[in-house]
Amino acid sequence: MLMPKKVKYRKQQRGRRAGKAWRGSTLSFGDYGLKALRVAWVTDRQIEAARVAMTRSIKRGGKIWIRVFPDKPITKKPQETRMGKGKGAPEGWVCVVRPGKILFEMEGVDAATASAAMKLAAQKLPIPCKMVSREQGG
């Protein structure tokens with residue numbers, strides 16, 4: 001699973017999930033991309049599941065870039081714990097994804113293959129996504 005090697009602080013506040021992505025909203029590496037349409041926390045497991053689905057779908061044909069990285073620690077308190085006694089222990093890692101963010105990019109395959117692979121990857125993610133390409137302009 002993806003996770004940072006080292007972080008400055010073990011626990012983070014949740015933050016606001018509003019606004020749209022200004023950075024990372026255009027294709028930078030590949031010819032096709034998967035763009036998020038809503039705000040969400042995407043976990044390391046979801047990113048990995050989407051990556052595996054895409055890779056298997058293109059049968060190791062093209063190249064894939066992962067444009068998101070889960071660097072936000074999520075904490076959880078044990079079940080049936082009373083209020084108080086501090087913040088829970090870190091449980092996993094998530095990436096804050098805002099509308100317009102490119103999650104994955106791909107090149108070296110034809111449009112039909114890329115479309116099928118992106119559709120499979122989108123099913124593994126908790127938000128609606130759309131495929132974009134260089135011909136469409138972004």
Look up atom NZ in Lys35 and atom CE in Met131, then write down how far apart they are to the nearest 0.5 Å.
13.0 Å
Where Gly19 and Val39 come nearest, the two heavy atoms and their spacing:
O-CG2, 4.0 Å
I'd like to check the side-chain contact (heavy atoms from CB on, under 4.5 Å) partners of Ala21; sequence neighbours left out, ordered by chain and number.
Arg98, Lys101
What residue pairs, at least two apart or across chains, pass salt bridge (Lys or Arg N to Asp or Glu O under 4.0 Å) with a residue in residues 7-18?
none
Closest approach of Ala53 to Lys124 (non-hydrogen atoms, all atoms of both residues):
CB-CE, 4.0 Å
Identify, with sequence neighbours excluded, every residue that meets salt bridge (Lys or Arg N to Asp or Glu O under 4.0 Å) alongside Asp31.
Arg134
Using the rule that Ile, Leu, Val, Met, Phe, Trp and Tyr join whenever any side-chain heavy atoms are under 4.5 Å apart, tell me whether Phe69 and Leu103 fall into a single cluster.
yes
Using a 4.5 Å cut-off on heavy atoms from C-beta on, say whether the side chain of Val68 contacts that of Ile47.
yes
Cys129 and Ala36: which non-hydrogen atoms are nearest, and at how many Å?
SG-CA, 4.2 Å
Do any pairs count as a side-chain hydrogen bond (donor to acceptor under 3.5 Å, both in side chains) and have a residue in residues 71-93, sequence neighbours left out, and if so which ones?
Gln12-Lys72
Pair Val97-Ile127, side-chain contact (heavy atoms from CB on, under 4.5 Å): steps then yes or no
CA-CA 9 Å; Val97 171; Ile127 45 174; 3.9 Å; yes
Measure the spacing between CG of Leu120 and OG1 of Thr55 and express it to the nearest 0.5 Å.
11.0 Å
Search all heavy atoms of Ala116 against all heavy atoms of Ser57 and return the closest pair with its distance.
C-OG, 4.2 Å
Are the side chain of Thr113 and the backbone N or O of Val109 linked by a donor-acceptor pair below 3.5 Å?
no
Under the side-chain contact (heavy atoms from CB on, under 4.5 Å) criterion, do Ile102 and Thr26 qualify, and how do the steps go?
CA-CA 7 Å; Ile102 301 286; Thr26 56; 5.9 Å; no
Side chains of Tyr32 and Ser115, heavy atoms from C-beta outward: is any pair under 4.5 Å?
no
Is any side-chain heavy atom of Leu27 closer than 4.5 Å to a side-chain heavy atom of Val132?
yes
Flag side-chain contact, heavy atom, 4.5 Å: Ile58 against Ile64:
yes
Working to the nearest 0.5 Å, report the span between CZ of Arg23 and OG of Ser28.
11.5 Å
Suppose the criterion is salt bridge (Lys or Arg N to Asp or Glu O under 4.0 Å): which pairs have a residue in residues 103-116, not counting sequence neighbours?
Arg67-Glu105
Taking a hydrophobic cluster as the set of Ile, Leu, Val, Met, Phe, Trp and Tyr residues connected by side-chain heavy atoms closer than 4.5 Å, whether directly or through intermediates, do Val42 and Ile66 fall within one such cluster?
yes
Look up atom NZ in Lys20 and atom CH2 in Trp22, then write down how far apart they are to the nearest 0.5 Å.
4.5 Å
Would you mind reporting whether Met106 and Phe104 have side-chain heavy atoms less than 4.5 Å apart?
no
With heavy-atom distances below 4.5 Å as the criterion, would you say the side chains of Met3 and Pro70 are in contact?
no
Which Ile, Leu, Val, Met, Phe, Trp or Tyr residues join Ile74 in one cluster when any pair of side-chain heavy atoms under 4.5 Å counts as a link?
Trp41, Val94, Val96
Is Arg45 paired with Glu48 through a side-chain N to carboxylate O contact shorter than 4.0 Å?
no
